[in-house]
Amino acid sequence: MSLEDRTRWEPAEAEPRIAERWIASGINHPDPDVGGEPFSIAVPPPNVTGALHMGHALNGSVQDALIRFHRLRGRPTKWIFGTDHAGIATQSQVEKALAREGTSRQEVGREEFVRRTWAWREEHGGIITGQFKRLGCSLDYDDERFTMDERYARAVLEVFVALYEKGLIHRDTYLVNWDPGLGSAVSDLEVEDREVTDTLYSIAYPLVDGDGEVVVATVRPETMLGDVAVAVNPHDERYAGMVGREVRLPLTDRVLPIIADEYVKTDFGTGALKITPGHDPNDFEIGRRHGLDALTAIGEDGRMTELAGRFAGLPAAEAQQAVVDALREEGLLRAEEPYTHVVPFSHRSGERIEPLISLQWFCRMEELAQPAIDAVRDGRVRIHPPSQEKRYLDWLAEIRPWCISRQLWWGHQIPVWYRGEETYCGIEPPEGEGWERDPDVLDTWFSSGLWPFATLGWPEATPELGAFYPTDVLSTARDILFLWVARMVMLGLEFTGDIPFRDVYCHSVIQAPDGRRMSKSLGTGIDPLELIEQHGADATRFGLLAMSSTQDVRFSEEKIAQGAALANKLFNASRFVLLRAQPVEPRPMGGQVEDRWILSRLHRARAAFEEQIAAFDFSKAAFGLYDFVYGELCDWYLELLKGREFDEALSAHLLYVLRETLALCHPIIPFVTEELWQQVPGTHGLLAAHTMPPLEGAVDEAAEREVETVIAVVQAVRSWRDASKVPPGERLEARVDGLDGLAALVSRLARLELVGGDSREPVATIPVAGLQVELLTGVDPQEAARKAAAERARLESEIKRAEGKLANQGFVAKAPEAVVAAEREKLERLREELEAL
RNA sequence: GGGCGGUUAGCUCAGCCGGUCAGAGCGCCUGCCUUACAAGCAGGAGGUCCCCAGUUCGAGCCUGGGACCGCCCACCA
């Protein structure tokens with residue numbers, strides 16, 4: 001497998017082999033006592049039974065770039081690894097499996113169901129671990145956490161108990177978002193609005209005392225059985241005098257008061273609103289304001305309750321039809337019209353949310369939110385990009401109670417027991433007989449809110465916690481900024497007294513190439529593993545980072561291909577160097593101008609890369625590497641030095657530049673750089689474990705100017721040849737004054753035979769970079785004349801523009817002097833060039 | 001209903017404080033197997049910077065208005 005025989009970088013063969021070496025080497029598992037300035041990241045824990053999707057792949061690329069970047073700079077790095085039990089998602093997977101077996105969770109019972117879920121996790125968990133390894137992620141696989149592990153679970157209960165004892169957690173009946181598909185309450189954040197077209201029914205409620213009626217409108221007529229009042233706006237003249245009177249609730253023998261509330265809009269519908277606190281969030285609020293009961297007409301099972309009288313037991317949808325029919329029969333149905341509006345759907349099950357009154361656990365958030373607001377306001381936690389910071393602050397400023405109980409079986413069961421009127425909250429079960437534990441479990445985000453510190457052993461003061469907390473960066477898609485990030489900040493501050501991370505980086509969401517969301521159900525998903533398979537992990541990482549931005553981006557496979565091209569380019573450039581250089585210790589000792597130039601450019605590339613990583617600008621960082629490797633190292637430096645003897649000085653210099661280039665690129669394309677690193681004489685061990693010393697030498701502006709001149713001249717001659725139909729290979733005699741030491745380089749790359757002291761008239765002149773390239777032979781005079789005429793026209797028009805600008809008194813008077821001077825110089829130069837023609 | 005962002009080459013995107021800012025990659029055209037790479041090299045063509053006003057000596061860049069496209073928050077029956 002010598003380098004001679006491999007003209008292409010084959011990631012499929014090399015990458016898995018390299019990944020294994022990294023893992024075996026132990027670099028991913030740092031010693032907390034090693035000292036130094038640790039750098040840590042807690043990975044957003046994927047669902048334990050999940051698989052790598054595009055978001056994971058991008059986020060993994062981001063975090064791994066950061067981890068490797070800082071490890072290369074000598075910091076002990078820990079990338080905390082683990083998975084989330086993902087209550088709802090996992091439970092529904094197992095429920096589906098049970099359904100396939102023809103059974104159900106209710107049938108097997110809770111204990112067996114939980115056992116089955118653990119077994120499911122054994123069987124299907126860990127897939128994503130292997131996928132992260134394949135992507136090259138330097139996660140601490142030896143120290144894997146799971147949110148349901150015994151230690152972690154204990155931390156969760158400890159937090160619950162502490163918040164309970166502090167009075168922040170309480171139990172209350174409340175109107176919650178009931179997900180009928182799940183049979184559980186879900187939080188506001190797990191609900192999405194969808195537009196649907198319903199029928200809006202107008203129903204007459206007859207007045208009790210005499211003639212007349214009040215007409216109300218609703219899309220949910222069946223909920224009228226839970227009505228407790230009719231509300232009108234106090235300023236609505238149509239209903240003046242109505243307030244305080246009563247109506248009869250049709251289909252029942254109940255009587256409802258007419259109340260006044262500012263909430264009711266006078267310009268919408270009939271201006272009268274039926275109040276159903278048990279099934280509508282606004283009505284719930286109004287009901288509380290007026291001291292009205294919240295009646296439940298629809299139960300958690302989706303069927304009508306006893307309150308519904310003759311409709312009791314009917315599923316809500318059927319009841320709706322029955323109620324409408326009954327109303328029509330009684331002549332109380334005043335109108336039916338189609339009505340399009342947005343209604344909440346469960347993000348989880350996709351079913352329409354049924355607002356229901358139920359007994360749930362809530363966490364009061366204001367006291368937790370304030371410190372989390374302060375932490376961002378005063379810059380202890382920085383959110384990138386800043387637009388997300390605004391979202392975060394706005395959300396926290398208007399935070400509402402968090403419903404933390406879920407009617408699931410898979411999760412952390414709430415540590416509260418009841419016995420008659422008694423309630424006990426504690427980590428350990430209460431003493432004595434007859435206690436019954438609350439059946440609900442905690443919202444998954446409650447446990448993942450502890451992720452950055454519970455993973456490190458909190459509440460125990462472990463060495464890991466001391467060394468790696470607070471973590472440095474939290475990288476995530478912005479869709480879980482509230483769901484997860486804000487809660488980590490709140491809980492971190494509350495329980496550790498410190499922020500959980502210093503920087504929050506919100507990466508792009510990658511959309512399908514057509515701009516739609518990437519999703520399995522839409523069929524728009526792209527499997528990152530297929531990309532890795534096809535182009536390599538390096539290419540995939542590069543491409544994803546190159547695509548990323550501060551906003552959503554469309555997926556483009558070209559960027560992945562560009563990454564593959566870069567890996568291949570680096571591989572071949574390295575072959576070129578390694579197959580020619582003498583095996584000497586790499587060090588900068590090249591004496592030619594191009595040697596100083598490339599080292600200078602490397603300095604700049606490295607400085608720019610460091611700035612871009614610090615600014616979380618991964619796209620620029622990736623393209624910066626590409627431009628350096630392609631545009632400078634390969635296109636020019638390696639070409640400029642061809643023809644030179646690979647003596648010790650050049651060998652050492654080349655190897656130095658190569659070695660440092662590999663180290664520079666490693667955070668983004670770790671595999672190919674690791675593989676090549678092994679071939680560079682004088683390197684020891686893994687590049688992944690290497691500490692980069694400061695770069696030797698310095699920016700050399702003189703060398704940069706000289707090589708810029710060479711490049712400009714060569715490009716001008718090539719371009720001229722192309723336009724003049726002079727074959728690129730044909731050697732032309734030419735005269736260029738002022739090239740001095742650069743003559744040899746220009747001569748070779750531009751294929752010119754440079755002659756001095758020759759007084760022949762040039763057949764063509766190419767002005768470039770303040771020099772004149774005068775061609776003496778090989779030119780068709782007519783072509784040359786045409787070319788010159790075109791060039792003259794171009795120069796004349798530019799001169800005209802510059803003259804016009806300078807003739808403008810306003811410009812000369814008001815523009816900064818430097819700008820005016822630059823314009824004058826430019827004009828001068830253009831005139832000279834024209835003169836030379 | 002509120003908030004945020006976007007609109008630049010055929011495609012995907014860069015363009016900091018207004019003055020070399022009209023760019024990159026891919027695609028396309030032309031020519032090259034130049035002793036690392038044809039998944040390569042060299043050269044080139046392509047744009048009314050969404051529209052309309054305005055500020056300015058000067059506007060993709062700033063201001064106002066408009067159009068279109070996203071996203072987030074908000075539960076008017």
Side-chain angles (χ1 to χ4, degrees), chain A residues 3-4 6-9 177 188-189 191 193 200-202 216-220 223 231 263-265 267-276 280-283 339 341-344 353 355 385 387-388 390-391 394-395 398 478-479 481-482 509 511 513 515-517 535 543 546-547 549-559 561-562 564-565 567-580 619-620 623 626-627 630-631 634-635 638-639 642-643 714-715 718-723 725 727-729 748-749 751 805 808-816 818-820 822-823 826:
Chain A
L3 277 180
E4 278 99 340
R6 299 166 69 193
T7 60
R8 287 193 335 220
W9 168 242
N177 301 304
D188 291 339
L189 293 170
V191 166
D193 286 334
L200 183 66
Y201 298 93
S202 295
V216 299
T218 180
V219 293
R220 302 284 312 276
T223 65
Y263 170 80
V264 185
K265 304 282 180 292
D267 58 354
F268 191 90
T270 60
L273 178 62
K274 71 195 245 330
I275 300 300
T276 321
D280 182 278
N282 292 314
D283 294 5
Y339 181 67
H341 60 151
V342 293
V343 296
I353 290 295
S387 56
Q388 299 307 315
K390 180 175 159 41
R391 284 182 66 218
D394 288 353
W395 185 76
E398 288 180 53
R478 59 171 185 280
D479 55 351
L481 190 63
F482 311 146
V509 171
Q511 301 169 331
R516 287 188 295 170
R517 231 187 161 71
H535 301 282
M547 266 176 249
S549 154
T550 54
Q551 61 181 49
D552 291 355
V553 290
R554 294 189 184 194
F555 180 79
S556 75
E557 196 155 345
E558 287 80 39
K559 295 286 188 293
Q562 205 178 339
N568 187 247
K569 194 71 174 173
L570 205 48
F571 180 75
N572 277 297
S574 301
R575 283 180 64 218
F576 176 78
V577 172
L578 294 168
L579 293 175
R580 283 166 182 72
S619 175
K620 276 213 193 97
F623 284 125
Y626 181 92
D627 290 340
Y630 258 82
C634 295
D635 288 353
L638 297 185
E639 294 302 325
K642 279 179 182 173
V714 170
Q715 282 179 332
R718 282 174 179 166
S719 174
W720 188 90
R721 276 178 195 268
D722 195 63
K725 306 279 184 280
R748 199 163 47 73
L749 290 189
R751 305 201 177 221
K805 215 168 174 183
N808 181 337
Q809 284 309 311
F811 175 71
V812 178
K814 297 192 181 176
V819 175
V820 179
E823 200 61 37
K826 183 179 172 187

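Just so it is clear, the structure is predicted and the values come from calculations on it, not from any experiment. Numbered from 1 within each chain, the chains take letters A, B, ... in sequence-line order. Below, each value reflects all heavy atoms present in this structure, side chains not excepted, and no hydrogens, waters or symmetry copies.
Distances from the side chain of A/D635 to the nucleotides B/rG3, B/rG43, B/rA42 place B/rA42 closest. Of the listed nucleotides (B/rC37, B/rU34, B/rG43), B/rC37 has the atom at the smallest distance from the side chain of A/N568. Relative to the side chain of A/K265, the nucleotides B/rC76, B/rG43, B/rA74 differ in distance, and B/rC76 lies closest. Checking B/rC4, B/rC37, B/rU30 against every side-chain atom of A/S387, the shortest atom distance belongs to B/rC4. The side chain of A/Y630 has B/rC41 as its nearest neighbour among B/rA74, B/rC41, B/rU12. Which of B/rG44, B/rC75, B/rA74 sits closest to the side chain of A/D722 comes down to B/rG44. Among the nucleotides B/rG25, B/rC76, B/rU12, the one closest to the side chain of A/Q562 is B/rG25. Distances from the side chain of A/V553 to the nucleotides B/rC75, B/rC26, B/rC13 place B/rC13 closest.
For B/rC21 and B/rG60, the P atoms lie 13 Å apart once the distance is rounded to whole Å. For B/rC41 and B/rG47, the P atoms lie 26 Å apart once the distance is rounded to whole Å. Taking the C1' atom of each, B/rC49 and B/rG6 are spaced 14 Å apart, rounded to whole Å. B/rG70 and B/rC75 have their P atoms separated by 23 Å, given to the nearest Å. B/rA24 and B/rA67: their P atoms are spaced 35 Å apart (whole Å). On the C1' atoms, B/rC51 is 22 Å away from B/rG10, given to the nearest whole Å. One P atom belongs to B/rC72, the other to B/rU8, and the distance between them is 22 Å to the nearest Å. Taking atom C1' on both B/rU56 and B/rC29, the two are 42 Å apart, rounded to the nearest angstrom.
The shortest side-chain heavy-atom distance between A/D188 and A/N177 falls under the 4.5 Å cut-off. In this structure, A/Q562 and A/Y630 have side chains that are not in contact, with every pair of non-hydrogen atoms separated by 4.5 Å or more. Side chains of A/F571 and A/R8 form no contact here, defined as non-hydrogen atoms less than 4.5 Å apart. By the 4.5 Å heavy-atom criterion applied to side chains, A/F623 and A/K559 are counted as neighbours. In this structure, A/R478 and A/V509 have side chains that are in contact, with non-hydrogen atoms separated by less than 4.5 Å.
Atom-to-atom, CG of A/D283 to C1' of B/rC76 comes out at 11 Å; the value is rounded to the nearest Å. Protein atom OH of A/Y626 is 6 Å distant from nucleotide atom C1' of B/rG25, rounded to whole Å. Counting to the nearest Å, the P atom of B/rG15 and the CG atom of A/D627 are 14 Å from each other. Across the protein-nucleic acid pair, A/L638 atom CG and B/rG40 atom C1' stand 14 Å apart, rounded to whole Å. B/rU35 atom P lies 13 Å from atom CZ of A/R748, rounded to whole Å. With rounding to whole Å, A/R718 atom CZ is found 5 Å from B/rG43 atom P. For the pair A/Q388 CD and B/rG3 P, the interatomic distance rounds to 17 Å; values are reported in whole Å. In this structure, the CD atom of A/E639 is 11 Å from the P atom of B/rC37, given to the nearest Å.
Side-chain atoms of A/N568 never come within 3.5 Å of backbone atoms of A/A564 as a donor-acceptor pair (strictly under, hydrogens ignored).
Pair assignment for B/rU30 gives B/rA42, based on Watson-Crick or G-U wobble hydrogen-bonding distances that are each under 3.5 Å. Nucleotide B/rC71 has B/rG3 as its partner under the Watson-Crick or G-U criteria, with both atom distances under 3.5 Å. Nucleotide B/rC16: unpaired (no Watson-Crick or G-U wobble partner with both distances less than 3.5 Å). When both distances must be under 3.5 Å, the Watson-Crick or G-U wobble mate of B/rG60 does not exist. Pairing partner, B/rU48: none, since no Watson-Crick or wobble contact has both distances short of 3.5 Å. Pair assignment for B/rA9 gives none, since no Watson-Crick or G-U wobble pairing has each distance under 3.5 Å.
Nucleotide B/rG58 is shown with an anti base, its glycosidic torsion being more than 90° from 0. Base orientation for B/rG60: syn, the chi torsion being within 90° of 0.
Among the atoms of the strands shown, base atoms are found under 4.0 Å from some heavy atom of A/R8. Using a 4.0 Å heavy-atom distance criterion, A/Y339 is classed as a sugar-phosphate-only contact. Counting any heavy atom pair closer than 4.0 Å across all strands shown, A/E398 reaches no nucleic acid atom. Note on A/T270: nothing from the nucleic acid sits closer than 4.0 angstrom, heavy atoms only. Across all strands shown, A/G643 has no heavy atoms under 4.0 Å from either base or sugar-phosphate atoms. Residue contacts for A/V264: at a heavy-atom cut-off of 4.0 Å it reaches a base atom on one of the strands shown.
The closest side-chain donor-acceptor pair between A/Q715 and A/R718, if any, does not fall under 3.5 angstrom.
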Might you work through the side-chain contact (heavy atoms from CB on, under 4.5 Å) test for A/W395 and A/L481, ending with a clear yes or no? CA-CA 10 Å; A/W395 185 76; A/L481 190 63; over 6 Å; no

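Within 3.5 Å, no donor on the side chain of A/K390 pairs with an acceptor on the base of B/rC4, nor the reverse. Counting atom types as modelled, A/K642 pairs no side-chain N or O with a base atom of B/rU35 as donor and acceptor under 3.5 Å.
Geometric assessment of A/K569 against the ring of A/Y626 yields a negative cation-pi assignment under the 6.0 Å and 45° thresholds.
In this structure, CZ in A/R575 is found 13.0 Å from CH2 in A/W9, a value given to the nearest 0.5 Å. Here CD of A/E557 is found 4.0 Å from NE2 of A/H535. Values are rounded to the nearest 0.5 Å.
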Could you write out each protein N or O paired with an N or O of nucleotides 67-73 of chain B at a distance under 3.5 Å?
unit_1	atom_1	unit_2	atom_2	d
B/rC72	O2'	A/R391	NE	3.4

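Of the residues near RNA chain B, A/R575 and A/A564, the one whose nearest nucleotide (by heavy atom distance) lies more toward the 5' end is A/R575. The residue among A/S549 and A/C634 whose nearest nucleotide of RNA chain B lies closer to the 5′ end is A/S549.
Residue A/R748 places its CZ atom among more than 12 non-hydrogen atoms of other residues, nucleotides or ligands, all under 6.0 Å distant.
Contact check, A/K620 against B/rC13: no side-chain N or O comes under 4.0 Å of OP1 or OP2. Close to B/rA42, at under 4.0 Å from its OP1 or OP2, lies no side-chain N or O of A/S719.
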